[in-house]
Every structure is written in C-alpha cells, then in structure tokens.
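A short write-up of the structure that comes next.
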Amino acid sequence: MTASPQPSGRSFPGSGLAKGLAVTLRTMTKKSVTAQYPETQPDLSPRTRGVIGLFEENCTVCMLCARECPDWCIYIDSHKETVPPAAPGGRERSRNVLDRFAIDFSLCMYCGICIEVCPFDALFWSPEFEYAETDIRDLTHERDKLREWMWTVPAPPALVPAAEEPKEYAAARKSADRTAAQQAAEAAAAAEAAEAAEAAQPDSGRPGSTQPESDRPEDGDAR
C-alpha cells in the first residue's frame, strides 16, 4: 500500500495573519459609500418583502394563511351570515363574514408562506418598510392598517402581448355582465309595472281630464 502524496507547499508561521491584513489594507484603500438614511432613501426592488397588505374583498376566511403560518402571527375572527336565495324558490346560503384580520409583525419572519398559500389573492407584498414603533404592541396591524398598505403594493408586470387572458379577468367580466343584465331586467320590469299601474287608473283621476256631458251643470242651474 502506497502512502498518499503530501502537499509540497508549506505555510510559514503567521501567513494567515498576513493574508487577513492584506484584505484589510485593500479594503482601507477603497472609497466607502455611505447612504445618509433617511435623507437618502434606499433603492429597493419593487418586490421587496417590506410589509403585507390585505385586499379584504378577496378574503373568504378560509383560514389557510393562519394555519400555514409557522410563527402563528395571523389572527382571524369571523361569523356566519345567511344569504337569501338569488332567485325565487332557491335555497338560502351561508357565508363567512370577516370580523378581524391582524398580523403581528413583531413575530412575523417574512417568509411569505401566507401569500403563497392564499387561493384568492387576498395578501400581497409591499416594499414599504418604515413602520417601526416604540411600543411592540403597535406592531400588530389590524385589518384597517393592512388595507392601507394595499395602496403601496406595486402593479403586477405587464402580460406578454400574445399571452392568454387570465381566467380571473374572464370570470370577473362574466360576473359583471351577469349583474348588469340582472339590473337592466329589474329596471325594465319596474318600468312596465309603473306603466301598467298608470294605465289602470280611471280617467277622472288624471290631471287635466274633463267631466262627462251629463255631469256638467246646466246654464240655468244655481251655483
């Protein structure tokens, strides 16, 4: 059995210290650049993980974000309401109504899991990061504060010209068209009912109508 060859180069005592000092000397000769914050704002990426915004209209209280949060820093309260049927003879439905949505940013580690697992796009990243507080309890942002962060969320990148339209856009347009058609039908039905009611009124009750000849007083009658 042959022994493995040993490296021929040998380090003299203090070589590691000399290399470290060389790095220090090279750094000392370079020009340092110091940003005078807050006078000079940092140039951050549009998708910087600064704070989380809540788009309340998309939240269905499915609790996925709260269950998947590794820090358990999301607090959600809700109640159920009964929705009347959309058409006569239909069945009543129940839906969840959001009462409280809060995030404790003193516990949040900005992993983004809550945003990734949200199936209805109710949570978004905002690049804003200036929300330090002197009291740690103020770092728990309630639903109103989380909604204010939504106005700082950057717009999504533009779609490729040849790309297909997202399914969400088509579904939203279809829902809007259905609502507009329903409102137009209700307005037309109300107008027809008003015309029918007006036509059913007697002629004497209309303004400007004349009395029949038999009901008119004769010239010789005393007034």
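- Between Glu92 and Pro85, the shortest heavy-atom contact is CG-CD, 3.7 Å.
- A chain of hydrophobic side-chain contacts below 4.5 Å, direct or via other Ile, Leu, Val, Met, Phe, Trp or Tyr residues, connects Leu98 to Ile103.
- Scanning both residues, Glu142 and Ala102, for their nearest heavy atoms gives OE1-CB, 3.4 Å.
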Validation: residues 45-53 side-chain donor-acceptor distances under 3.5 Å, sequence neighbours left out:
| from | atom 1 | to | atom 2 | distance (Å) |
| --- | --- | --- | --- | --- |
| Ser45 | OG | Arg47 | N | 3.4 |
| Arg47 | NH2 | Ala155 | O | 3.3 |
| Thr48 | OG1 | Ser45 | N | 3.2 |
| Thr48 | OG1 | Ser45 | O | 2.6 |
| Arg49 | NH1 | Tyr110 | O | 3.2 |
| Arg49 | NH1 | Cys111 | O | 2.8 |

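- The distance from atom CD of Glu57 to atom SG of Cys59, rounded to the nearest 0.5 Å, is 10.0 Å.
- No side-chain heavy atom of Lys19 sits less than 4.5 Å from a side-chain heavy atom of Val23.
- Here the side chains of Tyr75 and Asp104 are in contact, with some heavy-atom distance below 4.5 Å.
- Test Pro119, Cys114, Cys118 against Cys65 for side-chain contact (heavy atoms from CB on, under 4.5 Å) and you get one pass: Cys114.
- The backbone N or O of Asp99 lies less than 3.5 Å from a partner atom in the side chain of Arg143, making a donor-acceptor pair.
- Linking ILVMFWY side-chain heavy atoms closer than 4.5 Å, directly or via other members, places Phe101 and Phe124 in two distinct hydrophobic clusters.
- Heavy atoms only, all atoms of each residue included: Leu44 and Pro127 are closest at CD1-O, 4.1 Å.
- With rounding to the nearest 0.5 Å, the separation of OH in Tyr131 from CD in Glu148 is 14.5 Å.
- Once rounded to the nearest 0.5 Å, the distance linking CD of Glu128 with CD of Glu130 reads 7.0 Å.
- Hydrophobic clustering (ILVMFWY, side-chain heavy atoms < 4.5 Å, transitive): Leu54 and Val61 are in one cluster.
- Across Thr29 and Arg26, no two heavy atoms sit closer than the pair OG1-O, 2.7 Å.
- Listed for the Asp121 side chain is no donor-acceptor partner under 3.5 Å among the backbone atoms of Asn58.
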